[in-house]
2 protein chains.
Amino acid sequence: MSGIRAKKKRETRSAIIEAAIRLFGEKGFEGTSVEDLAREAGVGKGTIYGYFQNKNEIFLAFCEEELEITYGALHEEIDPEARLLDRLVALFMRQFRFVTENREFGRILIREMAFPPETTSGKSRELDASFLEAVAKILLKAQGRGDLKIGLDTFLAPVHFYALYLVALSGWYNGYVENYMEVEMSLRGLFRQALEGMMPPGGEITVLGESA
Amino acid sequence: MSGIRAKKKRETRSAIIEAAIRLFGEKGFEGTSVEDLAREAGVGKGTIYGYFQNKNEIFLAFCEEELEITYGALHEEIDPEARLLDRLVALFMRQFRFVTENREFGRILIREMAFPPETTSGKSRELDASFLEAVAKILLKAQGRGDLKIGLDTFLAPVHFYALYLVALSGWYNGYVENYMEVEMSLRGLFRQALEGMMPPGGEITVLGESA
DNA sequence: CAAAAAACTCGACCGCGGTCGAAATTAACT
DNA sequence: AGTTAATTTCGACCGCGGTCGAGTTTTTTG
């Protein structure tokens, strides 16, 4: 019955995460060995694997600790009077800055979140779900205002912007864009394209291409 | 002067790639150790690192071998009479199928290409550049036909579709979509959204949102 | 051709992430 | 209490990716 066990487990778990916050912050993810973490947390190396499946999961837990604070109130801090495009750019740039604050950190995070291996638990999914919600809120508000079309798919639309954000990140890690100003410009360009569409004025998507 | 050296280098290099094709195909990327590769290629382990910076680069070389054949003629094989949307979907689904044919293969490839570590050479960039070109060709043709607006940014537009493809892949690896039919549906939905835009009929993007 | 310089090869070696079973701790039962 | 069962801890151990420098082979030089 006694909760001694459960309590200790909780304590150990957070001790590991505390250690991760300290050491990842100091020496980075790859610069910190699991043994380092174990020593810092005051447990044996093997013990860590009773709490996390692998090193990446510790990293995700570490991220959660930092991210979930941010996510909830995220969309509220974006000036609600601004134009939709600006709000979206602001939201995503904020996220972008946070994620790339530490280059290595961001790369690992996005890799794990976007293309997780089978072994990773659903943690990553929860993370971007909550972010997508923030986007959805902005879009819904804009829709209420008449700034977005009515039939808009409420699931696909946030995903759409998320996709553009992803590709901007990819550009960052591929060296195509090198500073936040450039990132913001391409993000804005892409978002604008998404909002405006690519069809010619009066064009109809169901029209068959003919002229060969 | 004598090309003995250069020749041998070329031979060794391709011996390694041959070994990679054989072993990665048999036992997968993670199931194949660098020592395995070395043995199969008939060289010492250290030698491999004279030809590739790390194991992932061998993988990229392996991919190139398989991909570049595909890329060049890729867009030509897509029915040029089909509607733009269908052509794009066909092109990207083809790529999608190829990449995810082996799940692990695809994950590593896309991780390395989209979010490469600093140590990776520019190989990954060349790969998606050639793919983006294939997309651009399709778009240009459509533009010539009047199916796309004139002012379309010729760089951003292909990137836009690539982004949607990326997010579809991400959905695949996160388990949101589980078979090719679902992938194709979401891809089509996203592409359609990109083409049509999200604005209400007659809406103007420069309009300020007001109504608070 | 000889000898020095440069380029290349190799496997012992290192540190890491992750495993495993013996030891220790806690819970349950009489 | 004592005894047994269940859980948890731990570090020696394994295989891996990657490094290093001694040794080999090719190229350049005089």
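Numbers restart at 1 for each chain; the letters A, B, ... are given by sequence-line order, proteins then strands.
- If you take CD of Glu11(A) and P of dT8(D), they are 15 Å apart, rounded to a whole angstrom.
- Rounded to an integer number of Å, the gap from Phe24(B) CZ to dG17(D) C1' is 12 Å.
- In this structure the side chain of Glu40(B) never reaches within 4.5 angstrom of the side chain of Leu37(B), judged on heavy atoms.
- For the side-chain contact (heavy atoms from CB on, under 4.5 Å) test, residues two or more places apart in sequence or in another chain that qualify with Tyr180(B) are Met93(B), Phe96(B), Arg97(B), Thr100(B), Trp172(B).
- For the OP1/OP2 pair of dT9(D) and a distance below 4.0 Å, the side-chain nitrogens and oxygens of Tyr51(A) include at least one atom meeting the criterion.
- In this structure, the NZ atom of Lys55(B) is 14 Å from the P atom of dT19(D), given to the nearest Å.
- The stretch residues 32-45 of chain A comes close to DNA chain C through Thr32(A), Ser33(A), Val34(A), Lys45(A), each having a heavy atom under 4.0 Å from the strand.
- Relative to the axis of its first five pairs, the axis of the last five pairs of the helix from dC1(C)-dG30(D) to dT30(C)-dA1(D) sits at 10°, rounded to 10 degrees.
- The shortest distance between the side-chain N/O atoms of Thr47(B) and the OP1/OP2 oxygens of dC10(C) is below 4.0 Å.
- You'll find the side chain of Met199(A) stays beyond 4.5 Å of the side chain of Asp147(B), heavy atoms only.
- When ring centroids are compared, Phe105(A) and Phe59(A) come within the 6.0 Å threshold.
- At the heavy-atom level, Gly46(A) lies under 4.0 Å from base atoms of the strands shown.
- Applying the salt bridge (charged side-chain N to carboxylate O under 4.0 Å, His left out) rule to Lys141(A) yields no partners; only residues at least two apart in sequence or on another chain are considered.
- In terms of position along DNA chain C, the nucleotide closest to Gly50(B) lies nearer the 5' end than the nucleotide closest to the other residue of the pair Phe29(A) and Gly50(B).
- By the 30° and 60° cut-offs, the orientation of the rings of Phe161(B) relative to Phe92(B) is tilted.
- Here dG18(D) presents its C1' atom at 12 Å from CD of Gln53(B), a figure rounded to the nearest Å.
- Protein atom CD1 of Ile48(A) is 10 Å distant from nucleotide atom P of dG17(C), rounded to whole Å.
- Partners of Glu30(A) according to the salt bridge (charged side-chain N to carboxylate O under 4.0 Å, His left out) rule, which considers only residues two or more places apart in sequence or in another chain, do not exist here.
- Minimum heavy-atom separation, Val167(A) to Leu190(A): CG1-CD1, 3.8 Å.
- Taking Ala136(A) as the reference, Pro158(A) meet the side-chain contact (heavy atoms from CB on, under 4.5 Å) condition, with sequence neighbours excluded.
- Atom CG of Leu23(A) and atom P of dG17(C) are 12 Å apart (whole Å).
- Straight-line distance from the CD atom of Glu30(A) to the P atom of dG17(C): 9 Å, rounded to whole Å.
- Of the listed nucleotides (dG17(C), dC8(C), dC10(D)), dG17(C) has the atom at the smallest distance from the side chain of Tyr49(A).
- Residue Asn54(A) has its side chain nearest to dG18(C) when only dG18(D), dT9(C), dG18(C) are considered.
- Between the P atom of dT8(D) and the CZ atom of Arg13(A) lies a distance of 14 Å, rounded to the nearest Å.
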